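Following: one structure in structure tokens, then a few remarks.
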Amino acid sequence: MRSLYTVLTIVIAMVIGTSWEASAMKQEQRESNKALLLVTFGTSIPEAQKAFTHIDEMARKAFPDLTIRWAYTSKIIRTKLAKEGKILDSPELALAKLMAEGYSHVAVLSLHVIPGEEFHALTKNTNLFSLMEKGFSHVLIAPPLLSSADDLQKVADAMLKHLPPSRKPNDAVIFMGHGSGKHPADTIYLAMNAVFSKKDPYVYLATVEGHPSLDEIIPELSAKKVKKVFLLPFMTVAGDHARNDMAGDDPASWKSLLTAKGFSCEAVMTGMAEYPEIVEIWFDHLREAIKKGW
Ligand code: CO
């Protein structure tokens with residue numbers, strides 16, 4: 001009887017020991033093997049930061065096995081934040097740190113809106129990291145929000161779902177996209193505007209730096225005898241452009257320009273990344289890339 005107890009005790013101890021060891025190994029793997037680098041343009045506006053906090057919280061739930069890091073592509077914003085004591089890495093520095101820490105798998109998610117300048121620089125430099133000796137075994141990059149015709153439909157549906165309840169069918173909505181005067185991917189905004197107008201003829205998308213511009217939209221508002229216009233950011237965060245160029249009191253802001261032309265204006269200060277449906281589209285890109293690349 002006594003020997004049976006002894007054997008049992010040993011067996012139990014072995015089982016506990018093994019499972020402890022296994023979970024310790026899993027822990028080790030989780031902390032050291034695979035990382036997710038979330039890359040965005042960045043913002044220096046503290047109130048706009050909540051959009052990134054939202055992405056971060058969703059990422060921790062959706063990808064619990066990955067170590068999550070952030071990087072900002074904008075040097076101007078990183079420099080500005082550093083002066084306030086907030087240190088944000090560039091994607092290159094964040095990748096170098098992950099490499100030095102011994103991560104084998106790295107997924108880079110481009111939290112940009114279009115595959116424009118920022119995304120191309122990020123792709124080029126991320127690919128260079130994959131060439132390094134004794135570095136990562138797997139490096140992948142997941143593309144920005146608007147990367148397929150299907151994305152445009154999904155994004156339009158998500159954005160229309162979150163229009164302010166006070167908006168009446170004859171009130172116009174203008175989303176403010178960033179736009180790019182220098183990159184061919186700027187044409188995606190023209191496509192996005194077409195997708196919106198097909199779903200709702202009073203919904204438009206215009207951009208700050210590319211096409212369509214606000215000037216191209218205003219005649220259409222007049223032709224439709226629009227009285228009220230809702231202005232919303234079509235950017236990851238409701239940051240500097242949304243606060244100043246869209247809703248600011250400066251005479252050159254969209255709100256001022258439209259008000260001067262007789263439209264009554266209401267601005268909504270919610271960044272796209274505050275909507276879970278939008279974040280899910282980015283995460284789907286990541287899931288797809290991981291399925292193919294790891
Ligand atoms: Co800008």
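All values reported here derive from a predicted model rather than from experimental measurement. Counting starts at 1 for both ligands and their atoms, in listed order.
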- Which protein N, O or S atoms lie under 2.8 Å from the Co ion (ligand 1), given by chain and residue number? H178 NE2, H241 NE2
- Do the numbers put K224 on top of the ring of Y202, so that NZ or CZ is under 6.0 Å from the six-membered ring centre and no more than 45° off the axis? yes
- Any residue meeting ring-ring contact (aromatic ring centres under 6.0 Å, His included) with H120, in chain and number order, not counting sequence neighbours: H183
- Message: So that I can tick it off, tell me whether R167 and D200 are bridged by a salt bridge, with the cut-off set at under 4.0 angstrom between side-chain N and carboxylate O.
- Response: yes
- Task: To the nearest 0.5 angstrom, please state how far the CG atom of L88 sits from the CG atom of L81.
- Result: 5.5 Å
- By salt bridge (Lys or Arg N to Asp or Glu O under 4.0 Å), D56 pairs with (sequence neighbours left out) R60
Donor-acceptor pairs are to be reported for all side-chain atoms of residues 233-240 against protein atoms at under 3.5 Å, with residues two or more places apart or in another chain.
from	atom 1	to	atom 2	distance (Å)
T236	OG1	L111	O	3.3
D240	OD1	N244	ND2	2.7

